[in-house]
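All remarks here apply to the structure that follows.
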Amino acid sequence: MRSPGESDHGYKYTRFGNPTRDVLEERLADLSGAERAVASASGTAAMAAICLSVVEPGDHVVAFDGIYGGTRLLFDDLLVDSLGATVEYVDATDIDAVAEAVTNETTLVWMESPTNPLLRLCDLSVVANVAATVDATYVVDNTFATPYFQRPLEHGADIVVHSTTKYLNGHSDSMGGVVLTDDEAVADGVAHTQSYDIGGTLAPFDCYLTLRGLRTFPLRMGRHETNAGELARYLDDHPSVAQVNYPGLDHHPQHDLAREQMDGFGGIVSFELDATGAETRAVLEEFDVFTLAVSLGGTESLVDHPATMSASYLTDAEREAAGISDSLVRIAVGVEHADDLLADLDQALEKL
Ligand SMILES: *Cc1c(COP(=O)(O)O)cnc(C)c1O
């Protein structure tokens with residue numbers, strides 16, 4: 001018989017430790033080339049745990065102005081309103097802007113590459129050098145690229161965060177997040193905040209679903225990318241399309257950087273129609289194979305109108321400053337047969 005206070009397997013209570021979660025964390029760490037992984041109840045829970053374990057009241061934070069909208073809301077509520085920190089947003093496609101924003105007070109530098117929905121990149125290694133000059137913790141949100149196409153720890157990031165809700169689980173049936181790092185103290189700090197302060201650890205069933213999704217991860221990512229490349233080239237030649245944003249296209253302003261720091265260009269494409277906002281919304285009503293929805297990273301193709309959907313939390317002025325027009329469309333390209341996706345795009349665009 002066990003005595004009180006003794007454990008026969010090391011697992012006392014699932015919020016603190018669970019064998020299925022341990023397997024998932026080990027696998028995600030392996031995939032990312034990280035020493036440690038901490039799984040969270042969502043990407044947002046993972047980001048909150050990082051913020052709470054790294055940022056002190058009054059700190060200075062530098063962030064890419066193209067980061068995920070939910071990250072901006074989290075920074076506003078948690079860092080600015082609750083902790084009295086200052087967050088400075090910069091156009092990180094320009095490394096001089098990052099270098100100018102970083103000061104001796106900067107404790108956190110937060111990047112995301114490529115960004116949503118305009119697919120802008122930042123030079124991960126050069127930002128690492130800038131963050132290192134002031135000893136700031138350097139975080140990269142790698143949700144869009146995934147470890148299949150990009151491993152920011154190899155480019156000097158201290159912490160990488162993903163929403164596993166997207167490509168890593170890949171089936172739109174689970175929410176989760178993960179924090180990856182080589183630094184034991186950082187991992188312990190995030191795990192502690194996660195377990196004891198937020199209570200945002202990932203439920204075992206979601207760990208199981210994500211492990212199951214990971215079995216086809218490389219197959220899915222390869223197909224997302226070949227489909228996205230094909231659709232991007234099709235759109236690039238379409239007379240009703242004014243501009244296509246996809247890092248895999250030669251004319252993307254950071255195509256060379258994408259080739260250097262990524263092993264592929266991912267599954268998200270956005271494009272500007274030569275149309276009014278009303279005409280654009282009418283086109284979006286025409287899709288049959290693509291589903292009109294936000295989110296991304298599942299096997300099914302989704303189409304999104306950022307101005308009224310994924311970026312609707314922004315004011316008109318903020319949207320304009322961010323370069324998100326009423327005629328911008330984002331597609332999260334799935335793993336269906338490319339011909340079905342091309343035919344669907346073709347018939348929807350014919351409505352113009
Ligand atoms: C979805 C997303 C998040 C937030 O993840 P949740 O799992 O929805 O909390 C963070 N960053 C990026 C880039 C995302 O796409």
Side-chain angles (χ1 to χ4, degrees), residues 24 28 32 37-52 63-79 87 89 92 108 110-122 124 139-150 152 157 159-180 190 193-194 198-203 205-207 209-210 213-214 221 224 228 245 247 262 265-270 293-298 302 304 306 309-314 322 324 330-334:
L24 175 65
L28 289 171
S32 309
V38 181
S40 311
S42 67
T44 306
M47 299 192 298
I50 295 169
C51 287
L52 284 173
F64 196 166
D65 61 10
I67 57 170
Y68 176 68
T71 314
R72 228 177 225 255
L73 296 176
L74 177 74
F75 286 178
D76 285 349
D77 291 347
L78 198 62
L79 298 185
V87 184
Y89 295 98
L108 177 65
W110 191 291
M111 293 289 134
E112 186 177 318
S113 186
T115 61
N116 178 31
L118 295 175
L119 290 307
R120 295 153 70 207
L121 275 65
C122 63
L124 296 176
V139 178
V140 177
D141 183 335
N142 199 39
T143 299
F144 266 42
T146 83
Y148 189 79
F149 295 120
Q150 177 168 277
I159 300 177
V160 173
V161 63
H162 290 103
S163 166
T164 64
T165 311
K166 314 292 171 49
Y167 289 110
L168 286 164
N169 176 64
H171 294 75
S172 311
D173 55 5
S174 152
M175 295 208 71
V178 65
V179 177
L180 299 144
V190 168
T193 303
Q194 188 80 262
I198 299 180
T201 42
L202 188 60
F205 188 68
D206 289 279
C207 295
L209 283 175
T210 307
L214 284 175
M221 295 317 293
H224 282 299
N245 306 309
M262 301 178 75
F265 310 107
I268 310 289
V269 181
S270 67
V294 297
S295 197
L296 56 110
L302 305 180
D304 163 43
M309 295 168 62
S310 57
S312 60
Y313 62 91
L314 294 173
I324 299 171
R330 183 190 79 183
I331 51 176
V333 183

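Just follow the structure's listing: the first ligand is 1, and inside any ligand the first atom is 1. Below, all heavy atoms of this structure are taken into account, side chains as well, without hydrogens, waters or symmetry copies.
Of the protein's heavy atoms, Met175 CE, 3.7 Å lies nearest to atom 8 (O) of ligand 1. Protein heavy atom in closest approach to atom 14 (C) of ligand 1: Lys166 NZ, 3.0 Å. With hydrogens left out, the protein atom closest to atom 3 (C) of ligand 1 is Tyr68 CE2, 3.4 Å, a heavy atom. From the protein, the heavy atom lying nearest to atom 9 (O) of ligand 1 is Thr44 OG1, 2.6 Å.
One side chain, Ser270 or Asn245, offers a donor N or O that lies under 3.5 Å from an acceptor on the other. Side-chain contact check for Gln194 and Thr201: no donor-acceptor pair (N or O, by modelled atom type) lies under 3.5 Å.
For Ser32 (side chain) and Leu28 (main-chain N/O), a donor-acceptor pair under 3.5 Å exists by modelled atom type.
In this structure, Gly176 counts as a contact residue of ligand 1, since one of its heavy atoms falls inside 4.0 Å of the ligand. Ligand 1 lies less than 4.0 angstrom from a heavy atom belonging to Asp141.
For ligand 1, the polar-atom distance check finds no N/O of Met47 at less than 3.5 Å from any of the ligand's N/O atoms.
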Exercise for review: Show your reasoning for whether side-chain contact (heavy atoms from CB on, under 4.5 Å) applies to Ile268 and Arg330.
Suggested key: CA-CA 7 Å; Ile268 310 289; Arg330 183 190 79 183; 3.8 Å; yes

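Set against the non-hydrogen atoms of Glu112, the atoms of ligand 1 under 4.0 Å away are 13 (C). Each of the following atoms of ligand 1 lies closer than 4.0 Å to a heavy atom of Thr165: 7 (O).
Asn142 and Pro152 get closest at one heavy-atom pair: ND2-CD, 3.5 Å.
To the nearest 0.5 Å, atoms CD1 (Ile50) and OG1 (Thr193) are separated by 10.5 Å.
Between Arg120 and Asp65, at least one side-chain nitrogen of the basic residue sits less than 4.0 Å from a carboxylate oxygen of the acidic one, meeting the salt-bridge criterion.
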